[in-house]
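Every chain is numbered from 1, with letters handed out A, B, ... down the list of sequences.
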2 protein chains.
Amino acid sequence: MKLSANEEYGLRCLVRLGYAGENGSITIPEMSQAEGVSAANTAKILRALRKGGFVKAARGKEGGYTLARPAGDIVIAEVMECLGGRLFESSFCDSHGGRTGICTRSVDCSVRSLWRAVQVAVDHVLSKTTLRDLLQNEEEMNSWVRTIPGPNGMRLLQ
Amino acid sequence: MKLSANEEYGLRCLVRLGYAGENGSITIPEMSQAEGVSAANTAKILRALRKGGFVKAARGKEGGYTLARPAGDIVIAEVMECLGGRLFESSFCDSHGGRTGICTRSVDCSVRSLWRAVQVAVDHVLSKTTLRDLLQNEEEMNSWVRTIPGPNGMRLLQ
DNA sequence: AGTAATCTTGACTAGAAAGTACAGATTAGG
DNA sequence: CCTAATCTGTACTTTCTAGTCAAGATTACT
Ligand code: FES
Ligand code: FES
């Protein structure tokens, strides 16, 4: 349960595109330079974001990448799923059954229940955060995060 | 951001030891058989749990593994850290700076703030769950998870 | 058309995680 | 003391992910 390099770099690229504005365009070499990641790797990450529909690319001279939608419409939960998959997917228990091919308690497994709870907690934060929220400075972001409400309207973080 | 095989198998081993009770002992071959994981791999996982202080091992004939403490004293957040590390550690930004060796916004980074928020959300669930909670059936576990309170005393999940 | 800047694609390489193997150490019981 | 059962430690192999590379396609400008 670790953040992956793809998730970190991908989100940072997206934030940088957000700063560039809806019409601002950034090329791969520029992004590579700005984030300190190799051009080849930057290209791979931006491609993933394009396939996910979060950015659009313009080829040829004067080309580059731009946000595909307004920053407020880009939900971070979807971005994270694109970049690193979900924490717990239904297929997980199938693929981690060991030799028997399935958890020996699969019809009634408390562990599975815990994974789901963790997934819900993560989604709770990420599905309420948009790219626009990330375009603030760290202090503002910290304050914002504290206001994320629970399903019952109460605050999740103190 | 995915669950690792170590986390899945390790937690399942621990649950099985919990079912065996405080004095019940399970050998590597028994555990391997029960969970459908190879003996060599089971050994590796149980060794990690032993180093983490969650189980204790008895060598020699009539040996095996036992919980090191009562199930109610084994906090799942600690188990998960032992098996798979933390989602976001302070070292993460240092090791993912790319070529420059550090996030170019490191003095003021909204992304880092988001990671922290996700980590807090995960810890919120895992630090309130003990092995004892996992020794229930799935339905009971589901009900229990819904009662996890937020820091302000409100329910985290609906 | 020609050229330079730019994204696109698929294949390749390096590195990390998962899983395996085996010789060694420890213990119970005869 | 001897044997069988059991954990321990290290090293090895396999598998998956992260990162690199090079040739190709597209566009703006002249
Ligand atoms: S069904 Fe996934 S751990 Fe039991
Ligand atoms: S400091 Fe880690 S992403 Fe900026």
A.B. asks: Near DNA chain D, counting only heavy atoms under 4.0 Å, which residues of residues 17-24 of chain A show up?
C.D. replies: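 Residues of residues 17-24 of chain A that come under 4.0 Å of DNA chain D do not exist, since none gets that close.
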
A.B. asks: Given B:Arg69 and B:Glu22, is the salt bridge (charged side-chain N to carboxylate O under 4.0 Å, His left out) satisfied, shown in steps?
C.D. replies: CA-CA 8 Å; B:Arg69 314 172 236 159; B:Glu22 274 196 55; over 6 Å; no

A.B. asks: Round to a whole Å and report the spacing from CD1 of A:Ile45 to P of D:dT20.
C.D. replies: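 After rounding, the reported distance stands at 10 Å.
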
A.B. asks: How close or far is atom P of C:dA17 from atom CE of B:Met1, stated in whole angstroms?
C.D. replies: 17 Å

A.B. asks: Taking N or O atoms only and anything under 3.5 Å, show me the protein contacts with nucleotides 5-7 of chain C, one pair per line.
C.D. replies:
from  : atom 1 : to      : atom 2 : distance (Å)
C:dA5 : N3     : A:Lys61 : N      : 3.4
C:dT6 : O4'    : A:Gly60 : O      : 3.3
C:dC7 : OP1    : A:Ile28 : N      : 3.2
C:dC7 : OP2    : A:Ile28 : N      : 3.3

A.B. asks: Given C:dG19, D:dG19, D:dT8, identify the nucleotide with an atom nearest to the side chain of B:Arg47.
C.D. replies: D:dT8

A.B. asks: Distance-only, no hydrogens or angles: does the B:Asn41 side chain make a donor-acceptor pair with backbone N or O of B:Ser38 under 3.5 Å?
C.D. replies: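 No; zero donor-acceptor contacts below 3.5 Å.
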
A.B. asks: Measuring only between side-chain heavy atoms, which start at C-beta, is A:Lys44 closer than 4.5 Å to A:Asn6?
C.D. replies: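 With C-beta onward as the side chain, the pair stays apart.
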
A.B. asks: From the set D:dT10, C:dG19, D:dT20, return the single nucleotide nearest to any side-chain atom of A:Ser38.
C.D. replies: D:dT20

A.B. asks: If you round to the nearest 0.5 Å, how far is CZ of B:Arg47 from CD1 of B:Ile28?
C.D. replies: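 These two atoms lie 8.5 Å from each other.
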
A.B. asks: Quick one: B:Lys2 NZ to C:dA18 P, roughly how many Å, whole number?
C.D. replies: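 Rounding to the nearest Å, NZ of B:Lys2 and P of C:dA18 are 13 Å apart.
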
A.B. asks: Taking the side chain as every heavy atom from C-beta outward, state whether A:Ser25 and A:Tyr65 have any atom pair closer than 4.5 Å.
C.D. replies: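 Counting from C-beta outward, A:Ser25 and A:Tyr65 never come under 4.5 Å.
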
A.B. asks: NZ of A:Lys44 versus C1' of C:dG10: gap in Å, rounded?
C.D. replies: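 Roughly 10 Å, once rounded to whole Å.
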
A.B. asks: Using whole Å, what does the distance between atom P of nucleotide C:dA17 and atom OH of B:Tyr9 come to?
C.D. replies: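 In whole Å, C:dA17 P and B:Tyr9 OH are 17 Å from each other.
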
A.B. asks: Calculate, to the nearest 0.5 Å, the distance between atoms CG and CG belonging to A:Leu11 and A:Leu131 respectively.
C.D. replies: 7.5 Å

A.B. asks: Can you check the A:Asn41 CG to C:dC12 C1' distance for me, whole Å?
C.D. replies: 15 Å

A.B. asks: Test B:Val55 against B:Thr66 for side-chain contact (heavy atoms from CB on, under 4.5 Å), laying out the working first.
C.D. replies: CA-CA 6 Å; B:Val55 306; B:Thr66 313; over 6 Å; no

A.B. asks: For the backbone of A:Thr130 and the side chain of A:Asp133, can you confirm whether one donor and one acceptor N or O come within less than 3.5 Å of each other?
C.D. replies: yes

A.B. asks: Between A:Ser110 and B:Gln136, is a side-chain contact (heavy atoms from CB on, under 4.5 Å) present by the stated rule, with each step listed?
C.D. replies: CA-CA 7 Å; A:Ser110 58; B:Gln136 317 173 91; 5.7 Å; no

